[in-house]
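Heads up, the thing below is written out as C-alpha coordinates.
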Amino acid sequence: MTNRKMFFTMLWGAVFRRRSRAMMAVIASLVGAATLFCLASVCVAVPQQMNEEMRAYGANLIVTPASATGKSQGIDTATVRNVTALIGAGHSVKSAAYRYESVRINSAPYTIAGVDVKAVRALNRHWNVTGDWPGSGNVMVGRDVADALGVKVGSRVTIGYRAADASASASSSASAKSDSDESTETAESSAQGTQSTQTTQGEQTTQATENGRVSSDIMDNNGTEFRIAGIVDTGGNEDSIIYATTADVSKLAGSKRGSDVVEYSVNAMGDELNDIVNNINRSADKNPNTAVKAQTVTRITSSDTRIIAMLQTLFWIVSLVVLVLTLVGVGTTISSIVSQRRNEIGLRKALGADSRAIGVEFYVESGIYGLIGGLLGTAIGYVLARVLCATVFGRAIGFDWLLGAGSLLLSVAIAVIASIPPVRRATRIDPAIVLREE
(Lines give C-alpha, C1' and ligand atoms only; values in the text may rest on other atoms or scores of the structure.)
Protein backbone atom coordinates (compact mmCIF):
# COMPACT_ATOMS: atom_id res chain seq x y z
CA MET A 1 0.00 0.00 0.00
CA THR A 2 1.43 3.36 -1.01
CA ASN A 3 1.90 6.20 1.46
CA ARG A 4 -0.81 8.26 -0.24
CA LYS A 5 -3.32 5.42 -0.11
CA MET A 6 -2.43 4.75 3.51
CA PHE A 7 -2.93 8.46 4.28
CA PHE A 8 -6.46 8.54 2.86
CA THR A 9 -7.33 5.22 4.49
CA MET A 10 -6.35 6.53 7.91
CA LEU A 11 -8.12 9.83 7.22
CA TRP A 12 -11.31 8.01 6.22
CA GLY A 13 -11.16 5.88 9.35
CA ALA A 14 -10.49 8.89 11.59
CA VAL A 15 -13.54 10.72 10.26
CA PHE A 16 -16.06 7.91 10.20
CA ARG A 17 -14.95 5.85 13.22
CA ARG A 18 -15.68 8.81 15.51
CA ARG A 19 -18.95 10.00 14.01
CA SER A 20 -20.18 11.78 17.12
CA ARG A 21 -17.04 13.91 17.44
CA ALA A 22 -16.96 14.55 13.71
CA MET A 23 -20.63 15.59 13.85
CA MET A 24 -19.88 18.07 16.62
CA ALA A 25 -17.08 19.64 14.59
CA VAL A 26 -19.29 19.85 11.50
CA ILE A 27 -22.14 21.40 13.49
CA ALA A 28 -19.81 23.99 14.98
CA SER A 29 -18.63 24.97 11.48
CA LEU A 30 -22.18 24.82 10.15
CA VAL A 31 -23.55 27.23 12.74
CA GLY A 32 -20.72 29.67 12.19
CA ALA A 33 -20.98 29.53 8.38
CA ALA A 34 -24.78 29.88 8.42
CA THR A 35 -24.71 32.87 10.75
CA LEU A 36 -21.83 34.61 8.98
CA PHE A 37 -23.27 34.06 5.50
CA CYS A 38 -26.72 35.23 6.59
CA LEU A 39 -25.36 38.37 8.23
CA ALA A 40 -23.00 39.11 5.33
CA SER A 41 -25.80 38.65 2.76
CA VAL A 42 -28.11 40.95 4.70
CA CYS A 43 -25.31 43.45 5.26
CA VAL A 44 -24.62 43.57 1.51
CA ALA A 45 -28.31 43.76 0.64
CA VAL A 46 -29.35 46.25 3.35
CA PRO A 47 -27.97 49.43 1.71
CA GLN A 48 -29.83 48.73 -1.53
CA GLN A 49 -32.99 47.56 0.21
CA MET A 50 -32.98 50.48 2.67
CA ASN A 51 -32.34 52.95 -0.13
CA GLU A 52 -35.33 51.61 -2.05
CA GLU A 53 -37.48 51.78 1.08
CA MET A 54 -36.40 55.35 1.87
CA ARG A 55 -37.31 56.44 -1.65
CA ALA A 56 -40.96 56.08 -0.61
CA TYR A 57 -40.42 59.03 1.74
CA GLY A 58 -39.80 61.65 -0.90
CA ALA A 59 -37.04 63.11 -3.01
CA ASN A 60 -33.34 63.00 -2.18
CA LEU A 61 -32.33 65.47 -4.92
CA ILE A 62 -33.91 68.71 -6.16
CA VAL A 63 -33.24 70.88 -9.19
CA THR A 64 -34.03 74.61 -9.32
CA PRO A 65 -33.25 77.40 -11.81
CA ALA A 66 -29.77 78.81 -11.30
CA SER A 67 -30.26 82.31 -12.70
CA ALA A 68 -32.67 85.16 -12.02
CA THR A 69 -34.06 84.80 -15.54
CA GLY A 70 -34.58 81.11 -14.97
CA LYS A 71 -36.46 81.81 -11.74
CA SER A 72 -39.02 83.93 -13.60
CA GLN A 73 -39.38 81.58 -16.57
CA GLY A 74 -38.97 78.32 -14.71
CA ILE A 75 -37.34 75.12 -15.96
CA ASP A 76 -38.68 74.26 -19.40
CA THR A 77 -39.73 70.77 -20.42
CA ALA A 78 -36.65 70.15 -22.57
CA THR A 79 -34.29 70.96 -19.69
CA VAL A 80 -36.25 68.72 -17.33
CA ARG A 81 -36.03 65.92 -19.87
CA ASN A 82 -32.26 66.37 -20.28
CA VAL A 83 -31.63 66.46 -16.53
CA THR A 84 -33.81 63.38 -16.01
CA ALA A 85 -31.88 61.53 -18.71
CA LEU A 86 -28.58 62.50 -17.06
CA ILE A 87 -29.76 61.29 -13.65
CA GLY A 88 -31.39 58.16 -15.03
CA ALA A 89 -28.18 56.93 -16.69
CA GLY A 90 -27.53 53.80 -14.65
CA HIS A 91 -30.07 54.61 -11.92
CA SER A 92 -33.78 54.16 -11.44
CA VAL A 93 -35.37 57.55 -10.93
CA LYS A 94 -38.75 59.13 -10.18
CA SER A 95 -39.41 62.82 -10.64
CA ALA A 96 -42.10 65.42 -10.08
CA ALA A 97 -42.17 69.05 -11.23
CA TYR A 98 -43.78 71.91 -9.29
CA ARG A 99 -44.87 75.33 -10.51
CA TYR A 100 -45.50 77.74 -7.64
CA GLU A 101 -47.73 80.80 -7.76
CA SER A 102 -48.89 83.22 -5.08
CA VAL A 103 -52.67 83.40 -4.76
CA ARG A 104 -55.24 84.83 -2.37
CA ILE A 105 -58.14 83.27 -0.56
CA ASN A 106 -60.34 85.65 1.42
CA SER A 107 -57.64 88.30 0.84
CA ALA A 108 -55.04 86.15 2.67
CA PRO A 109 -51.91 85.11 0.73
CA TYR A 110 -51.26 81.45 0.00
CA THR A 111 -49.02 79.42 -2.29
CA ILE A 112 -50.50 77.14 -4.92
CA ALA A 113 -48.46 74.44 -6.65
CA GLY A 114 -49.24 73.19 -10.12
CA VAL A 115 -48.30 69.51 -10.35
CA ASP A 116 -48.58 66.40 -12.42
CA VAL A 117 -50.73 64.44 -9.99
CA LYS A 118 -49.58 61.01 -11.13
CA ALA A 119 -45.88 61.91 -10.78
CA VAL A 120 -46.26 63.57 -7.37
CA ARG A 121 -48.33 60.69 -6.06
CA ALA A 122 -45.73 58.13 -7.18
CA LEU A 123 -42.89 60.16 -5.67
CA ASN A 124 -44.52 60.88 -2.30
CA ARG A 125 -46.17 57.66 -1.24
CA HIS A 126 -45.78 58.65 2.42
CA TRP A 127 -48.21 61.57 2.13
CA ASN A 128 -51.30 61.07 4.25
CA VAL A 129 -54.19 62.25 2.05
CA THR A 130 -57.75 62.45 3.30
CA GLY A 131 -60.09 62.41 0.31
CA ASP A 132 -58.81 62.57 -3.26
CA TRP A 133 -55.87 64.06 -5.09
CA PRO A 134 -56.30 67.17 -7.27
CA GLY A 135 -58.20 66.99 -10.53
CA SER A 136 -59.71 69.40 -13.01
CA GLY A 137 -61.54 72.04 -10.96
CA ASN A 138 -60.49 70.33 -7.73
CA VAL A 139 -57.62 71.15 -5.40
CA MET A 140 -55.90 69.44 -2.49
CA VAL A 141 -54.98 71.68 0.42
CA GLY A 142 -52.44 71.19 3.19
CA ARG A 143 -53.60 70.60 6.75
CA ASP A 144 -52.46 74.07 7.88
CA VAL A 145 -54.37 75.71 5.04
CA ALA A 146 -57.51 73.70 5.80
CA ASP A 147 -57.35 74.64 9.48
CA ALA A 148 -56.79 78.32 8.69
CA LEU A 149 -59.71 78.45 6.25
CA GLY A 150 -61.93 76.20 8.32
CA VAL A 151 -62.72 73.97 5.34
CA LYS A 152 -63.08 70.25 4.84
CA VAL A 153 -63.28 67.82 1.95
CA GLY A 154 -66.12 68.87 -0.35
CA SER A 155 -65.98 72.56 0.59
CA ARG A 156 -65.57 75.23 -2.07
CA VAL A 157 -63.07 78.08 -2.05
CA THR A 158 -62.50 81.01 -4.36
CA ILE A 159 -58.86 81.36 -5.35
CA GLY A 160 -57.73 84.67 -6.77
CA TYR A 161 -54.58 85.36 -8.75
CA ARG A 162 -52.93 88.78 -8.81
CA ALA A 163 -50.26 89.69 -11.33
CA ALA A 164 -48.53 91.78 -8.66
CA ASP A 165 -47.94 88.61 -6.63
CA ALA A 166 -46.50 86.60 -9.50
CA SER A 167 -42.93 87.88 -9.37
CA ALA A 168 -42.52 86.76 -5.75
CA SER A 169 -43.91 83.31 -6.36
CA ALA A 170 -41.12 81.49 -8.12
CA SER A 171 -38.18 82.69 -6.06
CA SER A 172 -39.73 82.64 -2.60
CA SER A 173 -41.55 79.33 -3.07
CA ALA A 174 -38.57 77.58 -4.54
CA SER A 175 -36.39 78.94 -1.75
CA ALA A 176 -38.92 77.86 0.87
CA LYS A 177 -38.98 74.40 -0.64
CA SER A 178 -35.22 74.17 -0.40
CA ASP A 179 -35.24 75.48 3.17
CA SER A 180 -37.83 72.98 4.33
CA ASP A 181 -35.79 70.12 3.00
CA GLU A 182 -32.57 71.38 4.63
CA SER A 183 -30.69 71.19 1.34
CA THR A 184 -26.97 71.65 1.17
CA GLU A 185 -27.07 75.10 -0.42
CA THR A 186 -29.90 76.66 1.53
CA ALA A 187 -28.02 79.82 2.42
CA GLU A 188 -27.46 80.71 -1.21
CA SER A 189 -31.08 79.98 -2.13
CA SER A 190 -32.35 82.03 0.80
CA ALA A 191 -30.19 85.00 -0.14
CA GLN A 192 -31.49 84.99 -3.70
CA GLY A 193 -35.05 84.51 -2.53
CA THR A 194 -34.77 87.34 0.00
CA GLN A 195 -33.45 89.78 -2.58
CA SER A 196 -36.27 89.04 -4.99
CA THR A 197 -38.85 89.16 -2.23
CA GLN A 198 -37.68 92.52 -0.94
CA THR A 199 -37.95 94.05 -4.41
CA THR A 200 -41.40 92.60 -4.87
CA GLN A 201 -42.57 93.76 -1.46
CA GLY A 202 -41.66 97.30 -2.43
CA GLU A 203 -43.79 97.05 -5.56
CA GLN A 204 -46.67 95.49 -3.64
CA THR A 205 -46.57 98.23 -1.00
CA THR A 206 -46.90 100.85 -3.69
CA GLN A 207 -49.87 99.05 -5.22
CA ALA A 208 -51.46 98.05 -1.94
CA THR A 209 -51.80 101.58 -0.56
CA GLU A 210 -53.21 104.65 -2.21
CA ASN A 211 -53.13 108.03 -0.37
CA GLY A 212 -52.52 106.19 2.89
CA ARG A 213 -55.57 103.98 2.45
CA VAL A 214 -55.80 100.28 1.69
CA SER A 215 -56.18 99.69 -2.04
CA SER A 216 -59.29 97.95 -3.25
CA ASP A 217 -57.02 95.46 -5.06
CA ILE A 218 -55.84 93.76 -1.86
CA MET A 219 -59.42 93.44 -0.64
CA ASP A 220 -60.63 92.00 -3.95
CA ASN A 221 -62.02 88.49 -3.36
CA ASN A 222 -62.79 87.72 -6.98
CA GLY A 223 -61.26 84.60 -8.48
CA THR A 224 -61.95 81.06 -9.63
CA GLU A 225 -63.98 78.69 -7.53
CA PHE A 226 -62.47 75.29 -6.77
CA ARG A 227 -63.75 72.28 -4.90
CA ILE A 228 -61.51 70.84 -2.14
CA ALA A 229 -61.00 67.22 -3.15
CA GLY A 230 -58.60 66.28 -0.39
CA ILE A 231 -56.45 67.39 2.53
CA VAL A 232 -52.79 66.38 2.79
CA ASP A 233 -51.09 66.00 6.16
CA THR A 234 -47.32 65.38 6.20
CA GLY A 235 -46.19 67.43 9.17
CA GLY A 236 -43.89 69.35 6.85
CA ASN A 237 -43.89 72.32 4.50
CA GLU A 238 -46.48 70.60 2.30
CA ASP A 239 -49.17 71.34 4.89
CA SER A 240 -49.08 75.05 4.01
CA ILE A 241 -49.48 74.63 0.24
CA ILE A 242 -52.46 74.25 -2.07
CA TYR A 243 -52.07 71.65 -4.82
CA ALA A 244 -53.79 71.80 -8.19
CA THR A 245 -53.18 70.38 -11.66
CA THR A 246 -50.68 72.21 -13.82
CA ALA A 247 -53.44 72.99 -16.31
CA ASP A 248 -55.61 74.63 -13.64
CA VAL A 249 -52.70 76.74 -12.35
CA SER A 250 -51.83 77.86 -15.90
CA LYS A 251 -55.45 78.78 -16.51
CA LEU A 252 -55.67 80.62 -13.19
CA ALA A 253 -52.45 82.56 -13.90
CA GLY A 254 -53.37 83.16 -17.52
CA SER A 255 -49.98 81.92 -18.79
CA LYS A 256 -47.83 78.85 -19.18
CA ARG A 257 -44.24 78.63 -17.97
CA GLY A 258 -41.71 76.12 -16.67
CA SER A 259 -41.37 74.52 -13.26
CA ASP A 260 -39.82 76.23 -10.26
CA VAL A 261 -38.64 73.01 -8.62
CA VAL A 262 -38.13 69.48 -9.92
CA GLU A 263 -37.81 66.79 -7.27
CA TYR A 264 -36.02 63.53 -7.95
CA SER A 265 -35.97 60.28 -6.06
CA VAL A 266 -32.79 58.55 -7.22
CA ASN A 267 -31.75 55.03 -6.35
CA ALA A 268 -28.33 56.25 -5.19
CA MET A 269 -26.77 57.43 -1.97
CA GLY A 270 -23.62 58.91 -0.45
CA ASP A 271 -20.78 59.70 -2.84
CA GLU A 272 -22.71 58.23 -5.76
CA LEU A 273 -25.52 60.74 -5.25
CA ASN A 274 -23.05 63.60 -4.82
CA ASP A 275 -21.42 62.64 -8.12
CA ILE A 276 -24.80 62.92 -9.85
CA VAL A 277 -25.30 66.40 -8.37
CA ASN A 278 -21.84 67.49 -9.51
CA ASN A 279 -22.44 66.16 -13.03
CA ILE A 280 -25.68 68.13 -13.33
CA ASN A 281 -24.08 71.33 -12.10
CA ARG A 282 -21.10 70.90 -14.44
CA SER A 283 -23.41 70.30 -17.40
CA ALA A 284 -25.42 73.39 -16.46
CA ASP A 285 -22.25 75.51 -16.32
CA LYS A 286 -21.52 74.65 -19.93
CA ASN A 287 -24.89 76.03 -21.06
CA PRO A 288 -25.83 79.14 -19.01
CA ASN A 289 -29.06 79.66 -21.00
CA THR A 290 -30.56 76.52 -19.51
CA ALA A 291 -28.61 76.54 -16.25
CA VAL A 292 -30.10 74.67 -13.32
CA LYS A 293 -28.78 74.06 -9.84
CA ALA A 294 -28.93 70.59 -8.33
CA GLN A 295 -28.59 69.85 -4.64
CA THR A 296 -29.20 66.93 -2.32
CA VAL A 297 -31.94 66.92 0.28
CA THR A 298 -29.83 66.59 3.39
CA ARG A 299 -32.72 65.52 5.60
CA ILE A 300 -33.25 62.39 3.51
CA THR A 301 -29.69 61.54 2.49
CA SER A 302 -28.22 61.94 5.98
CA SER A 303 -30.95 59.69 7.42
CA ASP A 304 -30.19 57.05 4.79
CA THR A 305 -26.46 57.11 5.51
CA ARG A 306 -26.83 57.15 9.31
CA ILE A 307 -29.32 54.26 9.48
CA ILE A 308 -27.41 52.07 7.04
CA ALA A 309 -24.09 52.76 8.78
CA MET A 310 -25.55 51.77 12.15
CA LEU A 311 -27.04 48.56 10.77
CA GLN A 312 -23.84 47.59 9.00
CA THR A 313 -21.78 48.26 12.13
CA LEU A 314 -24.14 46.11 14.18
CA PHE A 315 -23.96 43.28 11.63
CA TRP A 316 -20.16 43.31 11.53
CA ILE A 317 -19.89 43.32 15.33
CA VAL A 318 -22.22 40.32 15.56
CA SER A 319 -20.26 38.62 12.76
CA LEU A 320 -17.01 39.12 14.67
CA VAL A 321 -18.53 37.60 17.80
CA VAL A 322 -19.83 34.62 15.81
CA LEU A 323 -16.41 34.19 14.20
CA VAL A 324 -14.72 34.01 17.61
CA LEU A 325 -17.33 31.57 18.94
CA THR A 326 -16.88 29.37 15.88
CA LEU A 327 -13.13 29.31 16.43
CA VAL A 328 -13.66 28.32 20.06
CA GLY A 329 -16.25 25.65 19.18
CA VAL A 330 -14.20 24.01 16.44
CA GLY A 331 -11.00 24.27 18.48
CA THR A 332 -12.63 22.60 21.50
CA THR A 333 -13.98 19.77 19.34
CA ILE A 334 -10.63 19.16 17.66
CA SER A 335 -8.94 19.19 21.06
CA SER A 336 -11.34 16.49 22.22
CA ILE A 337 -10.62 14.40 19.13
CA VAL A 338 -6.87 14.75 19.60
CA SER A 339 -7.13 13.77 23.28
CA GLN A 340 -9.04 10.62 22.37
CA ARG A 341 -6.36 9.67 19.83
CA ARG A 342 -3.42 10.40 22.14
CA ASN A 343 -2.42 6.72 22.46
CA GLU A 344 -2.73 6.20 18.70
CA ILE A 345 -0.47 9.19 18.03
CA GLY A 346 2.13 7.90 20.52
CA LEU A 347 2.10 4.43 18.94
CA ARG A 348 2.49 5.87 15.42
CA LYS A 349 5.41 8.01 16.55
CA ALA A 350 7.02 4.92 18.19
CA LEU A 351 6.70 3.11 14.84
CA GLY A 352 8.53 5.97 13.13
CA ALA A 353 5.72 8.27 11.98
CA ASP A 354 6.85 11.84 11.33
CA SER A 355 5.30 14.64 13.45
CA ARG A 356 4.76 16.66 10.29
CA ALA A 357 2.77 13.84 8.66
CA ILE A 358 0.63 13.45 11.77
CA GLY A 359 -0.03 17.20 11.83
CA VAL A 360 -0.99 17.27 8.13
CA GLU A 361 -3.47 14.45 8.72
CA PHE A 362 -5.19 16.38 11.51
CA TYR A 363 -5.20 19.61 9.50
CA VAL A 364 -6.79 17.86 6.51
CA GLU A 365 -9.31 16.21 8.83
CA SER A 366 -10.22 19.60 10.31
CA GLY A 367 -10.47 21.08 6.82
CA ILE A 368 -12.94 18.37 5.83
CA TYR A 369 -15.10 19.21 8.84
CA GLY A 370 -14.94 22.87 7.88
CA LEU A 371 -15.77 22.15 4.24
CA ILE A 372 -18.82 20.01 5.05
CA GLY A 373 -20.00 22.48 7.70
CA GLY A 374 -19.36 25.40 5.32
CA LEU A 375 -21.39 23.84 2.50
CA LEU A 376 -24.36 23.07 4.72
CA GLY A 377 -24.04 26.34 6.66
CA THR A 378 -23.87 28.48 3.51
CA ALA A 379 -27.04 26.85 2.17
CA ILE A 380 -28.85 27.35 5.47
CA GLY A 381 -27.53 30.91 5.78
CA TYR A 382 -28.85 31.78 2.33
CA VAL A 383 -32.30 30.45 3.23
CA LEU A 384 -32.27 32.49 6.46
CA ALA A 385 -31.11 35.64 4.65
CA ARG A 386 -33.79 35.19 1.98
CA VAL A 387 -36.52 34.73 4.60
CA LEU A 388 -35.24 37.72 6.61
CA CYS A 389 -35.19 40.08 3.61
CA ALA A 390 -38.60 38.87 2.45
CA THR A 391 -40.05 39.41 5.93
CA VAL A 392 -38.48 42.81 6.64
CA PHE A 393 -38.27 44.38 3.18
CA GLY A 394 -40.80 42.33 1.22
CA ARG A 395 -38.13 41.55 -1.40
CA ALA A 396 -36.13 38.45 -2.27
CA ILE A 397 -32.35 38.42 -2.66
CA GLY A 398 -30.32 36.32 -5.06
CA PHE A 399 -27.46 34.03 -4.15
CA ASP A 400 -24.11 35.81 -4.13
CA TRP A 401 -21.67 33.23 -5.52
CA LEU A 402 -18.62 35.26 -4.57
CA LEU A 403 -19.90 35.54 -1.01
CA GLY A 404 -20.69 31.81 -1.03
CA ALA A 405 -17.16 30.93 -2.10
CA GLY A 406 -15.80 33.24 0.57
CA SER A 407 -17.98 31.54 3.18
CA LEU A 408 -16.63 28.09 2.21
CA LEU A 409 -13.01 29.22 2.28
CA LEU A 410 -13.52 30.98 5.61
CA SER A 411 -15.12 27.88 7.14
CA VAL A 412 -12.19 25.71 6.06
CA ALA A 413 -9.68 28.32 7.24
CA ILE A 414 -11.37 28.68 10.64
CA ALA A 415 -11.43 24.91 11.14
CA VAL A 416 -7.74 24.57 10.25
CA ILE A 417 -6.68 27.58 12.34
CA ALA A 418 -8.70 26.34 15.32
CA SER A 419 -6.95 22.97 15.13
CA ILE A 420 -3.41 24.39 15.24
CA PRO A 421 -2.99 24.54 19.07
CA PRO A 422 -4.28 20.99 19.79
CA VAL A 423 -2.39 19.52 16.83
CA ARG A 424 0.87 21.15 17.95
CA ARG A 425 0.36 19.62 21.39
CA ALA A 426 -0.34 16.24 19.80
CA THR A 427 2.85 16.25 17.76
CA ARG A 428 4.90 16.84 20.94
CA ILE A 429 3.63 13.69 22.64
CA ASP A 430 6.46 11.51 23.94
CA PRO A 431 5.78 7.96 22.65
CA ALA A 432 7.70 6.37 25.55
CA ILE A 433 5.34 7.94 28.10
CA VAL A 434 2.27 6.82 26.16
CA LEU A 435 3.55 3.23 25.79
CA ARG A 436 4.49 3.09 29.48
CA GLU A 437 0.91 4.08 30.39
CA GLU A 438 -0.37 1.27 28.21
Side-chain angles (χ1 to χ4, degrees), residues 55-65 70-71 73-81 83-84 87 93-103 105 110-146 153 157 159 161 165-166 169-181 183 223-224 226-266 292 297 300:
R55 295 290 64 77
Y57 294 93
N60 57 352
L61 185 152
I62 64 171
V63 172
T64 56
K71 289 181 182 294
Q73 297 178 352
I75 308 172
D76 58 59
T77 305
T79 302
V80 172
R81 189 161 46 246
V83 173
T84 303
I87 296 175
V93 59
K94 295 179 182 178
S95 64
Y98 300 80
R99 172 188 175 179
Y100 293 104
E101 298 289 352
S102 291
V103 295
I105 302 176
Y110 291 96
T111 299
I112 190 169
V115 298
D116 179 339
V117 175
K118 184 177 180 181
V120 173
R121 190 170 187 173
L123 182 66
N124 300 288
R125 290 181 292 167
H126 67 291
W127 283 11
N128 181 23
V129 177
T130 303
D132 297 323
W133 286 71
S136 180
N138 295 275
V139 297
M140 179 176 71
V141 300
R143 170 56 60 187
D144 293 345
V145 177
V153 175
V157 294
I159 301 177
Y161 175 81
D165 299 333
S169 171
S171 60
S172 61
S173 298
S175 179
K177 182 68 177 178
S178 299
D179 292 342
S180 68
D181 288 335
S183 28
T224 304
F226 290 90
R227 176 183 174 272
I228 296 178
I231 298 174
V232 59
D233 189 354
T234 67
N237 188 59
E238 295 83 5
D239 291 359
S240 60
I241 298 176
I242 303 167
Y243 293 90
T245 63
T246 303
D248 279 349
V249 172
S250 297
K251 184 178 179 181
L252 182 67
S255 64
K256 293 184 178 181
R257 64 177 182 85
S259 306
D260 297 304
V261 176
V262 183
E263 294 183 345
Y264 289 94
S265 179
V266 190
V292 293
V297 181
I300 299 295

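Computed from a predicted model, the values in this text were never measured in an experiment.
The two residues Thr234 and Asp239 make their nearest non-hydrogen contact at N-OD1, 2.8 Å. The two residues Val262 and Val80 have their closest heavy-atom pair at CG2-CG2, 3.9 Å. Considering all non-hydrogen atoms of both residues, Ser95 and Ala119 come closest at O-CB, 3.4 Å. Minimum heavy-atom separation, Tyr264 to Ala59: O-CB, 3.1 Å. Minimum interatomic distance between Val249 and Gly114 (heavy atoms only, all atoms of both residues): CG2-CA, 3.4 Å. Here the closest non-hydrogen pair linking Tyr98 and Ala113 is CD2-CB, 4.5 Å.
Atom OH in Tyr161 sits 8.5 Å away from atom OG in Ser102 (nearest 0.5 Å). Considering NZ of Lys94 and CG of Leu123, their distance stands at 7.5 Å, rounded to 0.5 Å. The distance from atom OH of Tyr243 to atom OG1 of Thr111, rounded to the nearest 0.5 Å, is 10.0 Å. Note that CD1 of Ile159 and CD1 of Ile105 are 4.5 Å apart. Values are rounded to the nearest 0.5 Å. Distance check, rounded to the nearest 0.5 Å: CZ of Arg257 to CD1 of Ile75 gives 10.5 Å. How far CD of Glu238 is from CG of Asp144: 10.5 Å, rounded to the nearest 0.5 Å.
Partners of Ser250 by side-chain contact (heavy atoms from CB on, under 4.5 Å), not counting sequence neighbours, listed by chain and number: Arg99, Thr246, Lys256. With sequence neighbours excluded, the residues forming a side chain to side chain donor-acceptor pair (under 3.5 Å) with Thr245 are Asp248, listed by chain and number. Partners of Asp116 according to the side chain to side chain donor-acceptor pair (under 3.5 Å) rule, which considers only residues two or more places apart in sequence or in another chain, do not exist here.
The closest side-chain donor-acceptor pair between Thr64 and Asp260, if any, does not fall under 3.5 angstrom.
With contacts defined as side-chain heavy-atom distances shorter than 4.5 Å, the pair Tyr110/Ile112 does not qualify.
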Would you mind writing out the side-chain donor-acceptor pairs for residues 130-143 within the sub-3.5 Å range, not counting sequence neighbours?
residue, atom, partner, partner atom, Å
Asn138, OD1, Arg227, NH1, 3.2
Asn138, ND2, Ser136, O, 3.0

